[in-house]
Amino acid sequence: MTVGREDVEILKPRIDKREYRRIVLRNSLQVLLISDPDTDKCAASMNVGVGSFCDPVGLDGLAHFLEHMLFYASEKYPLEDSYSKYITEHGGSRNAFTDYEMTNYFFDVNTDCFEEALDRFAQFFIKPLMSADATMREIKAVDSENKKNLLSDAWRMNQLQKHLSLESHPFHKFSTGNWDTLYVRPKAKGVDTRQELLKFYEDKYSANLMHLVVYSKESLDKIQCLVEDKFQEIQNSDRSHFQFPGQPCTSEHLQILVRAVPVKQGHKLRIVWPITPSILHYKDGPCKYLGHLIGHKGEGSLFYVLKRLGWATGLSAGEGVCTSEFSFFKVVIGLTDAGQDRMQDVIGLLFRYIQLLQESGVCKWIFDELSAICETGFHYKDKISPMYYVLNISSNMQRYPEKDWLVGSSLPSDFNPTTIQKILNELSPESVRIFWESKKFEGLTDKVEPWYGTAYSIEKVSPSTIQAWMSSAPNENLHLPAPNVFIPTDLSIKNAQEKIKLPVSLRKSSYSKLWYKPDTVFFTPKAYVKINFDCPHAINSPETEVLTDLFTRLLMDYLNEYAYYAQVAGLRYHVRCTDGGFQVTLVGYNHKLRILLETIVDKIAKFEVKPDRFSVIKEMAIKDYQNWKFQQPYEQAKDYFSLILEDQSWPWMEQLEVLPCLNAEDLAKFAPIMLSRAFLECYIAGNIVHEEAVSMIHHVEDVFFKGSNAICQPLFPSQILRNRVVKLGKGMNYCYSKEGLNPSDENSALVHYIQVHRDDFKLNVKLQLVALIAEQAAFHQLRSVEQLGYITLLRLRNDSGIHGLQFIIQSTVKDPGHIDIRVEAFLKMFESKLYEMTKDDFKVDALKKLTRQELIYFFDENLKVGATRKKTLSVRVYGSQHLAEYNSQKSEAVQPNTVQIDDIFSFRRSRPLYASVR
């Protein structure tokens, strides 16, 4: 039963038709109920006010480890992983995360299975089972998760900032945990990790520290009955809310310059200040205001100046780590090689911009403009998936009063210059922490961060030094942004006369084809425009593909100063390479979308190469291509896989080889050739009537194809090319093995792929159903039981209409050859499971028109180990820990019906291709 029901008026978007109700159960669990009759998924999220800051001394990562363990089993549902199995087999997904002050568990599922899913979910917090066997296995899973992150610069730099803080403060801790912190060290001290885990759960997980959000298509009254029935047994020990007073940084940790060596190529500055948490003044939005100005990219901004000087590749600003007791404001600047050499000037210009904000005072018109943008954004926010919606709200429930649970801090509404000025004053040389990352520091550091092994050195940087940098920096015209002309003022909903449920082909010419879908569901003042430029000259060699990449990067660069205002106002755009050329995308408020579209089209039509910007963009591109080798091994394996199967694909090594030789003149010559023959595939959807859609494309055609000096001509019939896929041989196993590109990475990876069929509706359904049934079983067996690796996935794959099934596993424990054998063993085990399925197991909606025998026949024909029609491709990437196995595997005798791929391109040329789907 509930002990409290408050009809608090919760601020919600104007267009939101969902109903909300706040209740408090008798165990003090606070709950928000959401009724959405139109939803096709139900969801729930439980936020627990216990995070990594609660980790006991000597057991770093225990809160995160508990998050892992609660998924396993409960007294009511003792079968291991049965919760995950139930969710997956009923169209859902589930996850969890551990933060500093909270841990959040969430899931979604098909609407007709919600009650049982919710019951299973509730048992985590009532009577979970944490067996000794599962405990040991899951410590290994946490260790595997940590090993996955060891060579990630984001994780490394985050831990370095934590390391350089007060050792007695929980911010200093290593919150992920690993084998050492959760097994080796506790065991050496006679500490039983499982007993500590149980104690941690009993002592800290209390209903009064929890916030639950439940999202269903039922009425609020029915949802309330469901929640009361499922969650009232959660224990309430009336635990006080955990508080961690005090600042993590003392004077020792301020006024510092830290040089750190990253894994990847590139240079970066992270300038960080401890500040008053903005959550204490969330309606005043001080960090939103300051982040908006310091991170601005329009004319006169800090980034505009740094970019014009050729020193910066990117800049972001805003509040970073934020807790109820402390917070950090950070500015992150990507540097060019020239910018790396002018670090002092870059820092000097940053502080000079902060000085400009001090001198200008807090501007009401800027706050009002930002507030208006945020208000429009809140009231016309796109409907996101129920799972992520409940996740966001349950997290907000711990931080904000009831009326602001939906909006959180996203809507600054109270202009309070004193609060903004207070935070601005905290961005001072007296409290700055500067983290400077570059490969150039290799061999020049004298310290190592203990958890990730990041090499670094540290020195003091005084306010007088910063002042000297400000004085010596170039005298540039820094100024505040202009009023934003892209803020929409017409938010009316257009009456789409046609009630079109699916996109329709509205018009076709020799120049373009237009697909159109008016908004007949969401009724928001937004639209979506996508134009694919199909340009055969863009993709016929590694060189042209790189030139196309440089072309799109430069376009984005040129658009920045003008179009950034559109982005701030909620109208996003992007220009990127595709398999057939390049693509222009616009999404956001429709009112001024056409203005932006015409600007982008004009930039493409009048494209010119500015040598100074070309040099910067080329430098960035070279580093991006060089950093390919630092991808996770499973990502490397996926790229090799695509290279083997996709006919029109080029290896990054060849692209990196040609890139340094290209100059501005090469791109200037290439761009008109690339555009000389094109076909435009266009899609327009949203709050746009069909006459507007046609008019937009008419304008685009006029710019590119019409007039005496037309830029483009239509494609010849012979130039209409489609991506085609290599056809693997029936009954054959193909294997490609490669040493990992990063010798420091211990992780190995396997992509095990079974090619099944060309696009066919009924076959697609059968394959989807096999994947649905097998997905959780594979995860449980290969990840939970055998502990092969934290990344263990079974996924459908669709390559240009050719469908298949793939296993993706990354491991430090076993080599890819061994993992390949275990995948085959799993398929044999799954075969038995499929045969043993009962009629009750087959009560999935999608199976109503498909018999159990049909599915078994499909499996036996295409996926069963040893099936005569089965076509398998294994891509194995061997990490540094498994090089001995890599070398021995090369000398092993090739098994019957197995082809060892030594040269990808010779193999690709030797195989037939599937016919194009289109």
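Bear in mind the structure is a predicted one, so any value in this text is a computation, not a measurement. Positions are given from 1, in the same order as the sequence printed here.
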Short side-chain to backbone donor-acceptor contact, [X] and [Y], under 3.5 Å:
{"X": "Y516", "Y": "H690", "answer": "yes"}
{"X": "S360", "Y": "L357", "answer": "no"}
{"X": "K494", "Y": "P518", "answer": "no"}
{"X": "E402", "Y": "R22", "answer": "no"}
{"X": "S371", "Y": "P412", "answer": "yes"}
{"X": "R433", "Y": "Q161", "answer": "yes"}
{"X": "N416", "Y": "T418", "answer": "yes"}
{"X": "S35", "Y": "Y20", "answer": "no"}
{"X": "S301", "Y": "Y304", "answer": "yes"}
{"X": "E101", "Y": "S324", "answer": "yes"}

To the nearest 0.5 Å, tell me how far [X] [atom1] sits from [Y] [atom2].
{"X": "I271", "Y": "I294", "atom1": "CD1", "atom2": "CD1", "value": "10.0 Å"}
{"X": "M387", "Y": "K41", "atom1": "CE", "atom2": "NZ", "value": "9.5 Å"}
{"X": "I684", "Y": "I531", "atom1": "CD1", "atom2": "CD1", "value": "6.5 Å"}
{"X": "L559", "Y": "H574", "atom1": "CG", "atom2": "NE2", "value": "11.5 Å"}
{"X": "Y105", "Y": "N95", "atom1": "OH", "atom2": "CG", "value": "11.5 Å"}
{"X": "L33", "Y": "L220", "atom1": "CG", "atom2": "CG", "value": "6.0 Å"}

Could you tell me whether the side chains of [X] and [Y] share a donor-acceptor contact shorter than 3.5 Å?
{"X": "D40", "Y": "T111", "value": "no"}
{"X": "E426", "Y": "S431", "value": "no"}
{"X": "Q358", "Y": "Q421", "value": "yes"}
{"X": "N47", "Y": "Q398", "value": "yes"}
{"X": "D382", "Y": "T524", "value": "no"}
{"X": "E67", "Y": "N104", "value": "no"}

Minimum heavy-atom separation for [X] to [Y], with atom names?
{"X": "E218", "Y": "I223", "answer": "O-CD1, 3.5 Å"}
{"X": "I366", "Y": "L480", "answer": "CD1-CD1, 4.1 Å"}
{"X": "L25", "Y": "I23", "answer": "CD2-CD1, 3.9 Å"}
{"X": "Y573", "Y": "I600", "answer": "CB-CD1, 4.0 Å"}
{"X": "A605", "Y": "V703", "answer": "CB-CG1, 3.6 Å"}
{"X": "S175", "Y": "K162", "answer": "OG-NZ, 3.3 Å"}

Do [X] and [Y] have ring centres separated by under 6.0 Å?
{"X": "H296", "Y": "Y565", "answer": "yes"}
{"X": "Y562", "Y": "F486", "answer": "yes"}
{"X": "F328", "Y": "F171", "answer": "yes"}

With heavy-atom distances below 4.5 Å as the criterion, would you say the side chains of [X] and [Y] are in contact?
{"X": "V321", "Y": "F326", "value": "yes"}
{"X": "D36", "Y": "P386", "value": "no"}
{"X": "L555", "Y": "V584", "value": "no"}
{"X": "F244", "Y": "T323", "value": "no"}
{"X": "L212", "Y": "S394", "value": "no"}
{"X": "L335", "Y": "W311", "value": "no"}
{"X": "N392", "Y": "I384", "value": "yes"}
{"X": "I347", "Y": "V432", "value": "no"}

### Task
For I10 and K403, run side-chain contact (heavy atoms from CB on, under 4.5 Å): C-alpha distance rounded to whole Å, both residues' side-chain angles, the deciding distance at 0.1 Å, then the answer.
CA-CA 4 Å; I10 297 173; K403 63 186 176 62; 5.6 Å; no
Answer yes or no: is there an ion pair linking [X] with [Y], defined by an N-O contact shorter than 4.0 Å?
{"X": "K381", "Y": "D16", "answer": "no"}
{"X": "R613", "Y": "D557", "answer": "yes"}
{"X": "R594", "Y": "E692", "answer": "no"}
{"X": "D38", "Y": "K17", "answer": "no"}
{"X": "D284", "Y": "K422", "answer": "no"}
{"X": "E375", "Y": "R14", "answer": "yes"}
{"X": "R21", "Y": "D221", "answer": "yes"}
{"X": "E476", "Y": "R352", "answer": "no"}

### Task
Evaluate side-chain contact (heavy atoms from CB on, under 4.5 Å) for D108 paired with Y215, printing each intermediate quantity in order.
CA-CA 9 Å; D108 66 3; Y215 190 112; over 6 Å; no
### Query
Relative to the ring of Y100, is the ring of F53 parallel (under 30°), tilted (30 to 60°) or perpendicular (over 60°)?
tilted
### Message
Does F522, at its CZ atom, have more than 12 non-hydrogen atoms belonging to other residues, nucleotides or ligands within less than 6.0 Å?
### Response
no
### Greater than 12 external heavy atoms within 6.0 Å of K592's NZ
yes
### Query
Can you list every ring pair (Phe, Tyr, Trp, His ring centres under 6.0 Å) pair that touches residues 374-405, not counting sequence neighbours?
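Residue pairs passing ring pair (Phe, Tyr, Trp, His ring centres under 6.0 Å), neighbours aside: Y282-Y400.
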## Note on the structure
Result for salt bridge (Lys or Arg N to Asp or Glu O under 4.0 Å) between E561 and one of K307, R308, K297 points to K307
### Query
Between E319 and I275, does a side-chain contact (heavy atoms from CB on, under 4.5 Å) hold up when you go through it step by step?
CA-CA 9 Å; E319 195 170 22; I275 59 166; 4.3 Å; yes
### Message
Between F242 and L209, is the side-chain contact (heavy atoms from CB on, under 4.5 Å) condition met? List the steps.
### Response
CA-CA 9 Å; F242 294 99; L209 300 183; 3.6 Å; yes
